[in-house]
Amino acid sequence: MRLWFGKWTSIAKESANRAAIFAKFLCLLHVTNTYIFSPILVYGPSMLPTLNLTGDVVLSEYISHRLGKVGPGDVVLIQSPENPRKIITKRVVAMEGEVVSFLVDPSRSDRSRTVVVPKGHVWIQGDNIYASNDSRNFGPIPYGLIQGKVCCRVWPVDCFGSL
Amino acid sequence: MFSTLLFMDPVLNFTVFQVCIYLELDLVITDMGTQNIIWNVCKKYLTIGLVGITLTDRYAGVCPIRGSSMSPTFNPSLGSFTDDYVFLEKFCLDKYKFSHGDVVIFSSPTNYKERCVKRIVAMEGDYISNVNGASKVPEGHCWVEGDNSASSFDSRSFGPIPIGLIHGRVTHVIWPPQRMRKVDRRIRQDGLAF
């Protein structure tokens, strides 16, 4: 009876150890995917021809935007201001204080507008201005919505490299 | 040949890569004899740090409140010895479901490094009465105001904020001990037209 009990305690201790190691590994995974870098699958037509329609795997890093080093020309991942559960990929066109001139709806008219980006905000646009829902529709977005900066494309392999 | 070695799912790939790094570190450690103790201490602190960061990011955290824009809910008197410390929960960030009267902490839209604490007064689709008529809170945004309307820099100055800026919901005041209590959802009786 005592032998059986002893075996069970050793099994319980062993499984608790394994569970602790697994939990620590999950924490490492979370920290790396939130603070350092992680691969992201992006798809959609709004960043053609830079990113493919059917889906690319890009490597995005999360250090630059926390240090304030995101600037015009960077492809960034942002939380959509219309739906916080959606993450979209666009390019930063202007930072706070800069003046932006853009075509309001290039597929329908030639009308263009000029806007000054307010403090703490950025102006984002998709590379494919004909099929992109971006700052031309919902206005400049606060810098705090930027989640990460895309640094290079990993998949498909023949398009490997920086964007 | 190369494509058969990789899994199709890049996230699974990356996880396997991290598992290999983790196991390799373990093997390297057991070989070294004399530097074992220092490495063990470092590993323990690193583990505690990682677990702490994960818990504060995903589940709950503690935060000090500065300023009097939420008087009398937080920091009711100017001359108190310590700031109020509050307990905030992050389970609401799973589905971004907030309701009227929640006290939330969010990144300020005018300066991403600052964090502000205010109360949600109106959600998307509600109308807010302004000096120039009533305006509708757009989709994915919310209108926040401080309880102390006289000295609060809130949505009356910078407009509605995207819900994505919110970092957590305040549930309790946990310090100082004489002010420990649950933070209620208080809905204002005036100023809202549905």
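First the proteins, then the strands, lettered A, B, ... as listed; each starts at 1. What you see below is based on every heavy atom in this structure, not just the backbone, and it leaves out hydrogens, waters and symmetry mates.
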Check for me, please, whether [X] and [Y] land in the same ILVMFWY cluster - side-chain distances under 4.5 Å, paths through other members count.
X	Y	result
A:Ile40	A:Ile87	yes
B:Ile120	B:Met70	no
B:Val183	B:Ile166	no
A:Leu48	A:Val42	no
A:Met47	A:Leu163	yes

Note to self: For A:Asp110, I'd like to know if atom CG has over 12 heavy atoms of other residues, nucleotides or ligands within 6.0 Å.
What the structure shows: no

Notebook entry, point to check: Under 6.0 Å from the NZ atom of A:Lys119, do we count more than 12 heavy atoms belonging to anything else shown?
Noted result: yes

Item checked: Contact leader toward chain A among B:Leu93, B:Val51, B:Asp94, where contacts are heavy-atom pairs under 4.5 Å ->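 Answer, by heavy-atom pair count under 4.5 Å with chain A: B:Val51.
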
Next item on the list: Compare all side-chain heavy atoms of B:Ile53 with those of A:Cys27 and state whether any distance is below 4.5 angstrom.
Entry: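 Contact flag for B:Ile53/A:Cys27 side chains = no.
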
Notebook entry, point to check: Any side-chain heavy-atom pair from B:Ser107 and A:Pro142 closer than 4.5 angstrom?
Noted result: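 No, every pair of side-chain atoms sits at 4.5 Å or beyond.
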
Note to self: Rounded to the nearest 0.5 Å, what separates atom CG in A:Leu145 from atom CD1 in B:Ile163?
What the structure shows: 11.0 Å

Note to self: To the nearest 0.5 Å, what is the distance between CD on B:Glu124 and CD on A:Glu82?
What the structure shows: 10.5 Å

Margin query: Report which part of A:Phe138 has an atom under 4.5 Å of a heavy atom belonging to chain B: side chain, backbone, both, or neither.
Written below: neither

Check: Which bit of A:Leu67 comes within less than 4.5 Å of chain B, counting heavy atoms only: side chain, backbone, both or neither?
Finding: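 Looking at A:Leu67, just its backbone touches chain B.
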
Checklist line | chain A-proximal positions within residues 150-160 of chain B [heavy-atom distance under 4.5 Å] | finding: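 So far as heavy atoms go, nothing in residues 150-160 of chain B approaches chain A to under 4.5 Å.
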
Next item on the list: Give a yes or no on whether the backbone of A:Ile146 and the side-chain of B:Tyr112 come within a donor-acceptor separation of less than 3.5 Å.
Entry: no

Next item on the list: With side-chain contact (heavy atoms from CB on, under 4.5 Å) as the test, would you mind laying out the steps for B:Leu50 and A:Phe25 before giving the verdict?
Entry: CA-CA 9 Å; B:Leu50 289 180; A:Phe25 171 69; over 6 Å; no

Note to self: Minimum heavy-atom separation for B:Arg58 and A:His30, please, with both atom names.
What the structure shows: NE-ND1, 2.9 Å

Item checked: Worked check of side-chain contact (heavy atoms from CB on, under 4.5 Å) between B:Thr54 and A:Val31 -> CA-CA 7 Å; B:Thr54 308; A:Val31 169; 4.0 Å; yes

Margin query: Just to verify, what does B:Tyr96 make a side-chain hydrogen bond (donor to acceptor under 3.5 Å, both in side chains) with, not counting sequence neighbours?
Written below: A:Gln79

